[in-house]
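Right, one structure below, let's go through it.
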Amino acid sequence: MLEIHELTRSFGDRLAVDHVSFQVPPGQLTGFVGANGAGKTTTMRMVMGLLAPTSGSVTWQGAPIVDEVRRGIGYMPEERGLYPKQQVLDQLVHMARLRGMPAGAARAEATELLGAFGLGERTKDKLEKLSLGNQQRVQVTAALMASPMALILDEPFSGLDPMAVDEMADQLRARAASGVPVLFSSHQLDLVDRLCDGLVILAGGRVVAQGTRTELESRGRLLHRLVTDSDAGWVRDLAGVTVVDVDGNRALLELAKPGLVDRVLAEAMARGSVRELAEVRPTLSEIYREVAA
Ligand code: ATP
């Protein structure tokens with residue numbers, strides 16, 4: 001488990017990261033979201049020891065993180081780290097060797113991962129000859145090499161086409177399932193919503209919400225969608241029901257207490273057929289807008 005305790009970083013009199021604390025547990029994907037300038041990259045760079053914190057600490061398995069542990073973390077920096085003029089396969093092998101992998105095994109793993117990302121034919125190309133999205137795939141491959149004990153990826157999905165997003169998501173899920181803590185930042189909230197078990201939302205350098213999807217959902221208001229076979233305007237007269245929206249035979253309702261759902265159903269059935277009465281959970285985008293505004 002990777003734990004971030006009260007991490008703080010100022011640049012001059014600007015507080016970029018302000019007492020940020022959260023955990024990246026093994027076996028799950030943790031999404032790190034927040035507006036431009038919220039402090040995600042600065043936090044990740046402090047975890048990786050590339051930037052000294054003003055205060056606070058990072059622990060790995062309960063002990064202060066040291067460089068030897070950091071070398072075992074697969075990190076994809078925002079500024080990307082590979083050389084445009086070097087061959088794709090050669091530099092992946094070189095990087096894995098720096099992390100202690102024998103050359104033959106590194107070559108085999110790099111070839112397999114590049115194949116999984118659809119780059120099996122491009123291994124001998126210079127990185128700069130690849131499209132930006134394909135370069136991005138190579139950058140992520142570099143982080144995945146040599147069995148990293150944790151993954152910290154700064155916007156690994158940016159610039160990828162939908163197929164590449166799916167391939168990358170599969171790779172990250174597989175790593176998480178094998179017990180690796182995975183932290184990644186992203187502005188693609190629908191993707192984070194689909195992929196992540198845990199979420200950390202940063203705004204103005206502070207954690208404004210964190211938890212599992214279910215924990216965060218319970219912060220938003222729970223609504224009910226009713227679809228009948230006739231006009232649903234009668235819902236306005238129901239005690240304890242706030243009508244968020246009514247449009248013909250469809251209504252979106254907020255109930256003062258959970259038991260009222262039976263009352264709504266009985267009233268609707270007394271007036272005709274009920275096509276749907278379902279809970280509507282807030283989307284991650286809605287939760288995000290609520291807490292990060
Ligand atoms: P984005 O989504 O745009 O990548 P972010 O959440 O990663 O944003 P950071 O890059 O961590 O945000 O930046 C947080 C704040 O710290 C910003 O106000 C930024 O201008 C400031 N900052 C970051 N690095 C430095 C630096 N080296 N010197 C001065 N200010 C910095």
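When a ligand or atom number is given, it counts from 1 through the structure's own listing order.
Residue contact check: Glu155 has heavy atoms under 4.0 Å from atoms 2 (O), 4 (O) of ligand 1. Of all atoms in ligand 1, listed by their number and element, those nearer than 4.0 Å to a heavy atom of Ala16 are 15 (C), 16 (O). Interface atoms of ligand 1 facing Ala38, defined by a heavy-atom separation under 4.0 Å, are 5 (P), 6 (O), 12 (O). Taking every heavy atom of His187 and a limit of under 4.0 angstrom, the matching atoms of ligand 1 come to 2 (O).
Of all protein heavy atoms, the one closest to atom 13 (O) of ligand 1 is Thr42 OG1, 3.7 Å. Counting only heavy atoms of the protein, atom 14 (C) of ligand 1 lies nearest to Gly37 O, 3.3 Å. Nearest to atom 4 (O) of ligand 1 among the protein's heavy atoms is Glu78 OE2, 2.9 Å. Looking at atom 28 (N) of ligand 1, its nearest protein heavy atom turns out to be Phe11 CD2, 3.4 Å. Closest protein heavy atom to atom 10 (O) of ligand 1: Thr41 CB, 3.6 Å. With hydrogens left out, the protein atom closest to atom 3 (O) of ligand 1 is Asn36 ND2, 2.9 Å, a heavy atom. Looking only at heavy atoms of the protein, atom 20 (O) of ligand 1 is closest to Arg14 NE, 4.6 Å.
Gln136 contributes a side-chain N or O that, together with a main-chain N or O of Ser158, makes up a donor-acceptor pair within less than 3.5 Å. Side chain of Gln210 to main chain of Ser21: a donor-acceptor pair is present (N/O by atom type, distance under 3.5 Å, no hydrogens or angles). Between the side chain of Gln91 and the main chain of Val88, no donor-acceptor pair closer than 3.5 Å is present. Of the possible donor and acceptor atoms, one in the side chain of Arg175 sits under 3.5 Å from a partner among the backbone N and O of Leu144. For Gln139 (side chain) and Met76 (main-chain N/O), no donor-acceptor pair under 3.5 Å exists by modelled atom type.
Taking a distance limit of 4.0 Å, we find that atom 31 (C) of ligand 1 is approached by some protein heavy atom.
Side-chain polar atoms of Thr228 and Asn249 form no donor-acceptor pair below 3.5 angstrom. Using a 3.5 Å distance cut-off with no hydrogens or angles, the side chains of Thr59 and His5 do pair a donor with an acceptor.
At least one heavy atom of Ala35 sits closer than 4.0 Å to an atom of ligand 1.
Taking the six-membered ring where tryptophan is involved, the planes of Phe184 and Phe157 are perpendicular, since the angle between them exceeds 60° and thus also 30°.
Residue-to-ligand polar distances keep Thr43 apart from ligand 1: every N/O pair is separated by 3.5 Å or more.
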- Query: Can Asp161 and Arg137 be said to form a salt bridge (Lys or Arg N to Asp or Glu O under 4.0 Å), step by step?
  - Reply: CA-CA 11 Å; Asp161 67 43; Arg137 295 178 196 211; 3.4 Å; yes
